[in-house]
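The residues of the chain are indexed from 1 along the displayed sequence. Just so we're clear, the structure is a prediction, and the values are computed from it rather than from any experiment.
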Amino acid sequence: MLLSTIVKSYRNVRVLCVGDVMLDHFLYGKVERISPEAPVPVFNFQSEKKMLGGAGNVVANLKSLGCAADILCFVGDDEAGREVRELLEKVCDHVEAVVVPGFPTIEKTRVIAGNSHLLRIDNERRFRCEDDVLEANLEERVKQADIVLLSDYAKGLLSPERCRRVIKACLAAERPVIIDPKGDDYAKYAGATVVKPNLKEFNQATGLSCHPTDADFEDRLREGAGRLFEKHGIQNMLVTLSEHGMAFVSAAHPDEVFRIPTEAREVFDVSGAGDTSLAAFGASLAAGAEIQDAMKLANVASGVAVGKLGTSCVTAQEIIDALSRRRSSSGPGWKQKNKIVSRHEAANIAAQCREQGRKVGFTNGCFDLLHQGHLHSLMQARGECDVLMVGLNTDASIKRLKGPERPIQDEKTRALLLASLEFVDFVVMFDDDTALPLVDAIRPDLILKEGYTIDRWPEAQFVESYGGKAVTLSRLEGYSTTNTIRRMKG
């Protein structure tokens, strides 16, 4: 699947998050002088903001990505706990926030001057309560989810016993469980689908000293992961490497390491980037992505997050936009991939073209088996405009229109083939049964297609309604995907 297609599938995913929720409190202001009382900056307070942190930030990101989210967490019997519950109700379908008497809700206050993080003030104590406190609703919540995420900040909820009970429930319900770990006790994560430590946590858990710039890094990574696989029965290990990207090792193929570089971004604040990464990785797996594609999307999402100030949520549209802007200095196909844009990007490009006085043309189709008839139409279309955008049906929309045997080629292949043509400027995927919603977003100056008259061409009627022009292209006879398939079948 295209990465953008995976992102669009987030809306069909339900995720259960179990973990340590925090209240992130941000104080914003300016520093213009040093105190006469002591050599410290004088912070001139201007505004404040409160938002979910820890596992709360994970579910906030899941909601922002388009997923349905449930949460099991602890809070204190205090004002911060009430604020956390109110915030959780806005982003979760179901909130199980257990009040633990005698303990404060975890709150972290950050003092921010401009883009500079001056100070953090923590109010917390490790929660302690009976291990079976989540037992009542645990199994039912796991069964209702497509995937379970454990966000462990070592604040007391995911004690070894509770952690093992959650994993046991996931295994019984055949639900993947992804863990963002803390500490070096990986026995409590035994049987997990994926454990996702950062490099420092990985070194701590394995007793090794690995660094991505070392010549033997991958050998040591395999060695350390192998120890954890053998000792604890963990199925996969995903190690985040900060500015060096991510590395993945599987117990099924312990001799192989899959690595991806980090996304180059201007970094304003790394607060919550790990939560964003966990949310995007879990949502991608639940949406049917392969591990490698889920890693890429988690990497892109965390790259967007660090480009924002404060604990920030990342939207599905921001990921799609970031994907459309990606560049690579090596590897085939990148120039062509940059021509495959999201609906949002296409609308922005069309608006910019109009401001520059350039004519935007639009055509659409399945383009299943690209043939000379397609080329004939596309060349005609490009001759009528300055910029040609081609709407391409996704695999799902083609199956609805043409039946389960189609398409012959998947959407990624079809999109890349179209993008490789010099007379196609941009390719835009659409999942609707007609191209009308896409046309509405782009508002092209011309719409062009072969074989349609205005009376049975709703998209053309719409374009003409706001002053655009519809052009019927001539057909090159003797070419069609159906005939090609028929000939292939003899």
Side-chain angles (χ1 to χ4, degrees), residues 1-13 65-66 248 258 260-261 263 280-281 283-301 316-346 349 362-371 374-375 378 388-433 435 437-438 442 481 484-485 488:
M1 286 191 291
L2 282 171
L3 295 181
S4 58
T5 302
I6 297 168
V7 176
K8 292 172 185 175
S9 298
Y10 290 165
R11 60 179 178 262
N12 302 319
V13 165
L65 293 173
F248 174 79
F258 178 76
I260 58 173
E263 291 290 315
F281 182 73
S284 299
L285 289 182
E290 298 293 332
I291 287 279
Q292 289 86 345
D293 285 342
M295 287 172 62
K296 292 172 185 175
L297 288 169
N299 201 29
V300 171
Q317 188 59 57
E318 285 175 325
I319 295 179
I320 290 173
D321 290 347
L323 289 171
S324 72
R325 292 191 298 268
R326 291 173 79 191
R327 298 293 186 272
S328 176
S329 60
S330 63
W334 279 100
K335 182 179 179 181
Q336 287 72 31
K337 288 179 183 178
N338 291 331
K339 293 166 69 174
I340 304 172
V341 299
S342 69
R343 179 177 303 193
H344 180 69
E345 286 282 295
I349 292 167
F362 176 88
T363 188
N364 66 279
C366 300
F367 300 97
D368 196 353
L369 295 178
L370 203 59
H371 52 69
H374 291 138
L375 301 182
L378 291 170
L388 178 62
M389 293 187 172
V390 180
L392 180 67
N393 292 77
T394 62
D395 292 348
S397 68
I398 291 177
K399 288 185 186 302
R400 292 195 302 271
L401 294 169
K402 297 180 178 292
E405 299 302 317
R406 299 283 296 275
I408 302 301
Q409 299 195 101
D410 62 50
E411 59 198 34
K412 183 175 183 179
T413 302
R414 292 183 287 113
L416 282 172
L417 287 171
L418 282 171
S420 299
L421 300 174
E422 63 178 354
F423 36 83
V424 171
D425 294 292
F426 296 100
V427 179
V428 194
M429 309 283 287
F430 68 95
D431 199 43
D432 308 283
D433 288 339
L438 180 56
I442 295 174
T481 299
T484 301
I485 294 171
M488 289 172 66

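A286 is linked by a side chain to side chain contact (heavy atoms under 4.5 Å, CB included) to V13, D146, I147, counting only residues two or more places apart in sequence or in another chain. Evaluation of the side chain to side chain contact (heavy atoms under 4.5 Å, CB included) rule for E290 yields Q292 as partners, not counting sequence neighbours. Taking the salt bridge (charged side-chain N to carboxylate O under 4.0 Å, His left out) definition, one finds that D410 meets it with nothing, sequence neighbours left out. By the side-chain hydrogen bond (donor to acceptor under 3.5 Å, both in side chains) test, S4 is found to be paired with no residue, residues two or more places apart in sequence or in another chain being considered. In this view, I349 and V341, C353, M389, F426 satisfy the side chain to side chain contact (heavy atoms under 4.5 Å, CB included) rule, not counting sequence neighbours. Looking at residues two or more places apart in sequence or on another chain, you find a ring pair (Phe, Tyr, Trp, His ring centres under 6.0 Å) between F367 and H374.
If you take CG on L378 and CG on L370, they are separated by 7.0 Å, rounding to the nearest 0.5 Å. Rounding to the nearest 0.5 angstrom, the gap separating the CG atom in L418 from the CG atom in L375 is 9.5 Å. To the nearest 0.5 Å, the span separating OG1 on T5 from CD1 on I320 amounts to 8.5 Å. Remark: L3 CG to D293 CG distance equals 5.0 Å, nearest 0.5 Å. To the nearest 0.5 Å, the span separating CD1 on I340 from CG on L2 amounts to 6.0 Å. In this structure, Y10 OH and I319 CD1 are separated by 4.5 Å, a value rounded to the nearest 0.5 Å.
Within the 4.5 Å cutoff, no side-chain heavy atoms of L438 are placed close to those of D432. Looking at heavy atoms from C-beta onward, M429 lies out of side-chain contact with S342 at the 4.5 angstrom threshold. Two residues are said to be in side-chain contact when any heavy atoms from C-beta on lie closer than 4.5 Å; F248 and I260 fail this criterion.
Of all heavy-atom pairs spanning P261 and N299, the tightest one is O-ND2, 2.5 Å. Considering every non-hydrogen atom in both N393 and S397, the closest pair reads CB-OG, 3.2 Å. When all heavy atoms of A289 and A294 are compared, the closest pair comes out as CB-N, 4.2 Å. Across P404 and K399, no two heavy atoms sit closer than the pair O-NZ, 3.4 Å. Closest of all the heavy-atom pairs between F430 and G391 is CE2-C, 3.5 Å. Minimum heavy-atom separation, A419 to K339: O-NZ, 2.7 Å.
Note on D431 versus K8: no salt bridge recorded, every NZ/NE/NH1/NH2 to OD/OE distance being 4.0 Å or above.
At distances below 3.5 Å, at least one donor-acceptor pair connects side-chain atoms of R414 with backbone N or O atoms of Q409. Judged by distance alone, the side chain of E411 and the main-chain N or O of D395 form a donor-acceptor pair under 3.5 Å.
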